[in-house]
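First listed ligand is number 1; within each ligand, the first listed atom is number 1. Model, not experiment: these values are computed from the prediction.
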Amino acid sequence: MKVPYLDLKAQYETIRGEIGDAIQQVLDRTAFAGGQFVAQFEKEFAAYCGTQSAVGVGSGTDALWMALLGLGIGPGDEVVTVPDTFIATAEAISWCGAKPVFVDVDPVTYNMDPSKLEAAITPKTRAIIPVHLFGQMADMDPILEIARKRKLFVIEDASQAHGAEYKGRKAGAIGDAGCFSFYPGKNLGAYGEAGAVVTNNEELDKKMRMLRDHGQAKKYYHSLIGWNARMDGIQGAVLSVKLKHLDAWTEARRKNAKRYDELLRNVPGVNVPVEAPYAKHVYHIYAIRVADRDRLIAALAEKDIHCGIHYPIPLHLLDAYKALGLGKGSFPVTERVASEFVSLPMFPELTIDQIRFVAEGLNRLVAV
Ligand SMILES: Cc1ncc(COP(=O)(O)O)c(C=O)c1O
């Protein structure tokens with residue numbers, strides 16, 4: 001039995017008709033760059049997240065960049081985030097001219113450890129970016145408390161956490177801005193590149209709308225030096241169709257995660273993910289931790305079970321961030337978990353038989 005890491009085709013088959021109709025409408029109206037389909041999705045996504053607005057952009061990386069620029073972050077500033085994330089979180093900080101400063105993660109949730117946050121804050125710090133890794137939100141209350149005390153912005157990197165909750169509040173709606181990626185493999189994935197920033201800050205909303213469109217509010221009247229970070233119309237239409245299904249897909253992911261939990265919890269040497277008491281986890285990624293993970297991944301691949309690693313190298317140890325001068329041992333929790341993570345196949349359409357097959361394979365291999 002083949003178990004792919006992700007099966008986008010299986011999901012597409014369930015919505016083929018709706019998607020075809022939606023794309024045809026965009027073609028009929030030639031609303032390709034920005035336009036009514038993006039505006040419609042923005043309205044629906046803001047309502048879903050419980051925010052005043054959503055600004056559609058070209059990718060999750062654009063979302064982070066536009067949010068930071070919109071809040072006025074620039075050269076000489078520092079922005080605190082985690083080293084246990086995808087590089088885009090730090091890239092957006094760097095492309096504002098600011099410096100990323102890292103805080104280690106909690107060993108249970110793999111998210112920003114609030115007890116280590118204050119030590120990373122300096123007079124140059126302007127913002128904090130907690131990342132809701134794998135689909136579980138960071139512990140936001142203590143982070144917000146520190147941010148308020150120090151007058152810092154909080155930008156949530158919710159790229160992996162569409163519909164996730166913290167004490168009943170949705171990802172993206174808690175900080176000054178919430179940034180989402182709609183990369184095709186995400187829980188809410190476009191059929192191309194796309195992203196969005198949600199916010200309750202009217203001024204920020206206005207500024208980001210200009211920044212994403214060459215700094216103009218009126219055509220050819222450029223009042224800011226902006227960029228082209230617009231969402232395209234086809235992505236807006238596709239995302240409107242898929243948003244209607246998101247909650248059902250999330251429930252399917254949660255059910256799949258529960259099945260994995262039950263089958264793997266008592267396997268010696270396997271650490272299953274933990275859902276924090278404050279959280280609704282949406283399992284974008286179901287990451288277990290094991291020793292000797294490279295051997296395990298190779299052996300599973302031989303059985304046609306395909307896993308991923310998110311992420312093998314912490315940001316501070318990447319060549320791209322060598323100039324920060326942070327060597328091995330700087331963030332021990334991040335470094336340990338990064339060497340042990342294995343992302344098991346996870347998508348809503350995964351079958352019980354596939355989950356059992358993965359669990360049996362793992363059970364046998366870990367016991368060797
Ligand atoms: C945590 C995180 N931040 C940012 C991004 C960047 O999103 P995109 O690939 O849409 O630019 C991603 C997606 O890969 C991500 O997982």
- Around ligand 1, what residues show up once you keep those with a heavy atom under 4.0 Å from it?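 If the criterion is a heavy atom under 4.0 Å, then ligand 1 touches Ser59, Gly60, Thr61, Leu64, Thr85, Phe86, Ala88, Thr89, Val131, Asp157, Ser159, Gln160, Ser181, Lys186, Tyr311.
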- Query: Taking 4.0 angstrom as the limit, do Glu156 and Arg169 come out as a salt bridge?
  - Reply: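 Arg169 and Glu156: not salt-bridged.
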- Query: Can you check ring pair (Phe, Tyr, Trp, His ring centres under 6.0 Å) on Tyr48 and His162, steps first, answer last?
  - Reply: CA-CA 10 Å; Tyr48 180 82; His162 316 73; 9.0 Å; no
- Message: Taking ring-ring contact (aromatic ring centres under 6.0 Å, His included) as the definition, give me every residue that meets it alongside Tyr260, ordered by chain and number, with sequence neighbours left out.
- Response: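 Scan of Tyr260 (ring-ring contact (aromatic ring centres under 6.0 Å, His included), adjacent residues dropped) gives Tyr286.
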- Query: Considering residues at least two apart in sequence or located in another chain, which fulfil the salt bridge (charged side-chain N to carboxylate O under 4.0 Å, His left out) criterion with Glu275?
  - Reply: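 In terms of salt bridge (charged side-chain N to carboxylate O under 4.0 Å, His left out), with neighbours along the sequence ignored, Glu275 is linked to Arg254.
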- side-chain contact (heavy atoms from CB on, under 4.5 Å) partners of Pro332, counting only residues at least two apart: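 For Pro332, the residues satisfying side-chain contact (heavy atoms from CB on, under 4.5 Å) (neighbours in sequence not counted) are Asp104.
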- Message: Just verifying a value: how many Å separate Glu42 CD and Thr51 OG1, rounded to the nearest 0.5 Å?
- Response: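 Atom-to-atom, Glu42:CD and Thr51:OG1 are 10.5 Å apart.
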